[in-house]
Amino acid sequence: MDKQQKTIIHWFRKGLRIHDNPALAEAIDLIRKSPNKYVLRPIFVLDPEIPNWLKVGPNRWRFLQESLLQLDSNLRKIKSRLYVVRGDPKVIFPKLFNEWQVELLTFESDIEPYARQRDMLVEKQAKKFNVNVITTVSHTIYNPELIIQKSQGIAPKQYEGFLKIVSTMSIPEPLEAPAALPAKSKPSKDSNEHTDSKCYDCPALHELGVNEADLGDVLYPGGETEGLKRFQAILRKPDWICGFEKPKTSPNSLKPSTTVLSPYLKFGCISSRLMYSDLQKVLKNKKKHTTPPVSLIGQLLWREFFYTAAASDPNFNRMVGNSFCRQIPWKKNVQHLEAWTYGRTGYPFIDAIMRQLRQEGWIHHLARHAVACFLTRGDLWISWEDGQRVFEELLLDADWALNAGNWMWLSASAFYHLYYRVYSPVSFGKKTDKDGEYIRKYVPELANYPKSMIYEPWTATAAQQREFGCIIGKDYPQRIVIHDVVLKKNMAKMADAYQKHRDGGGGGKFDVDNTQAKPEPQSPKTEPVSPSTSSGCSSSKILKMEQNSTIVKYFKKDPKSP
DNA sequence: GGTTAGTTGATATG
DNA sequence: CATATCAACTAACC
């Protein structure tokens, strides 16, 4: 590398895209202004510690791997590349700052407690090495912190209130992907770049610990190009967009009835602001269209809603110490949890959903409702935290804020309170698939059952079971609970928990059954953390916090004015 | 303090 | 396919 040239690092974490990436754009702007002075190193840090506390199933590892490959490829199109750096960020960054003579670090901010703590440490080290830092809010359409600020410091607890607040806020126009960089801004190879300790190539699946035998077919390939392609295909159906009503889409169609853009949003392969902007353009041209909460825009705003709530509480993904969450005395039941996890509850509709989840990494939103309600308040009375852990592992779109928020919703622990509205594991699926084709696909042992019995195979006589080639209790499980019976008991327990909440308000009042082993923590911090220690912005000086809050800057010195 | 609305329940009925 | 009833919650608003 030219000894005179300094390095600008853009750190990819989520936001695995080059379009509408304001932090990357800041880095590139600076390079264009001083093309002789800087080289750009876009990096992704692969931390080998992560699998020790975060469960990531093989399908999501693959989605990430594909996303990194496409990111590298898209960066190469603009005469750069992706440098995948192996190691713990707190250890890696000081080394890179020193070795590469880094002057600026840019990245997209993240509200997850793990990310906040990690970023705080990296920023501290940046200061020590005299490295400027620019962060942007670009994973969400709005800045969650700003919404909270406009809501008297408390995140809205209902969607309507949320809508009211954001309706007063402006949204920045999405940015185009950058044009090709000047040739000089590509660093020359490190002298030992391709030795084992200095390989910056994208990881192969085996490096990510993925056994290819555990992978399902690639139904939703990861990456920016794939995400944009999928979104473009949606945009070509304006009538479908304008008529979209989430509750009227089917949870058990054989092909997805919704967009399946969630995995791309989770990794930031596609920008939520771009989606918002392009969808609005479609709606403008039509005189009639659906609206939030049921419309497509409404779905994006649900994401914002949960992100805002999650940003205000580091304990958002646990019951205890969570300011949103009602304390409910769930019971541990290892056998029932395992039956649910692997699709062996004896309820074909539930089992089909759980098997689709494991195989494909995506299930419809309402299918998530059905199985989440079944696990918690509806049937098994098992904590939503246990379900959250399974979704965390298996969903391509598993997202800390959205996963926790929706589990609280479905278990009637927060946001949703009509606990007596319970999904039936038998009737609900029949509304959109009366013949049970979905069950036949994902629970093939029941494929020969007639449609009159496929949702309730236990109603078949022994002779019929032999005839259909599937003996209940042998080839397919007996149902592990009787829905009509447990439903009544659970409803009474919910009423009791709600009553106690009214009387005592909040945590610690219940005899929560902790006799079984504690589950694995979902973040490096095992115990609930106090909100005061990890909320909000760092103590660094905020130079710029716009109305729509695209850019928050922390500068020791302004690299633009030498 | 009373009223109303709430992303998408189930069932029976017209 | 739309509506009433079931039983009855909280949050937001007047």
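Throughout, protein chains are lettered first and strands after them, A, B, ... in sequence-line order, and every chain is numbered starting at 1. Computed from a predicted structure; not experimentally measured.
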Quiz item: How is A/Tyr419 classified with respect to the nucleic acid when contacts are heavy atoms under 4.0 Å: base, sugar-phosphate, or nothing?
Solution: sugar-phosphate
Quiz prompt | Donor-acceptor contact present, side-chain A/Gln327 to main-chain A/Met319, <3.5 Å | solution = yes
Self-check item: Sidechain N-carboxylate O distance under 4.0 Å for A/Asp503, A/Lys500
Solution: no
Practice problem: Apply salt bridge (Lys or Arg N to Asp or Glu O under 4.0 Å) to A/Arg355 and A/Glu360, showing your working. | Solution: CA-CA 8 Å; A/Arg355 294 184 196 186; A/Glu360 302 178 0; over 6 Å; no
Quiz item: Taking atom types as modelled, is there a side-chain donor on A/Asp351 or A/Tyr476 under 3.5 Å from an acceptor on the other?
Solution: yes
Quiz item: Would you call the rings of A/Phe374 and A/Tyr347 parallel, tilted or perpendicular if under 30° counts as parallel and over 60° as perpendicular?
Solution: perpendicular
Quiz item: To the nearest Å, how far apart are A/Trp409 CH2 and C/dC9 C1'?
Solution: 13 Å
Set out, line by line, the N/O atom pairs under 3.5 Å between protein and nucleotides 10-13 of chain C.
| residue | atom | partner | partner atom | Å |
| --- | --- | --- | --- | --- |
| C/dT10 | OP1 | A/Arg502 | NH1 | 2.7 |
| C/dT10 | OP2 | A/Arg502 | NH1 | 3.3 |
| C/dA11 | O4' | A/Gln158 | NE2 | 3.2 |
| C/dC13 | OP1 | A/Lys164 | NZ | 3.3 |

Exercise. Return one dot-bracket line describing DNA chain B 5' to 3' (Watson-Crick or G-U wobble pairs, both distances under 3.5 Å; ( ) same strand, [ ] crossing, | another strand, . none).
Key: ||||||..||||||
Quiz prompt | Contact interval (first through last nucleotide) of DNA chain B with protein chain A, 4.0 Å heavy-atom | solution = B/dG6 to B/dT11
Self-check item: side chain to side chain donor-acceptor pair (under 3.5 Å) partner of A/Asp20, the single match among A/Ser271, A/Ser138, A/Ser277
Solution: A/Ser271
Quiz item: Which heavy-atom pair separates A/Pro144 from A/Tyr307 by the least distance, and what is that distance?
Solution: CB-O, 4.1 Å
Quiz item: Taking the six-membered ring of A/Phe324, is the NZ or CZ of A/Lys157 close enough (under 6.0 Å from the centre) and on axis enough (within 45°)?
Solution: yes
Quiz item: Ring centroid separation for A/Trp407 and A/Phe391, is it under 6.0 angstrom?
Solution: yes
Exercise. Search all heavy atoms of A/Glu304 against all heavy atoms of A/Ile141 and return the closest pair with its distance.
Key: OE2-N, 2.7 Å
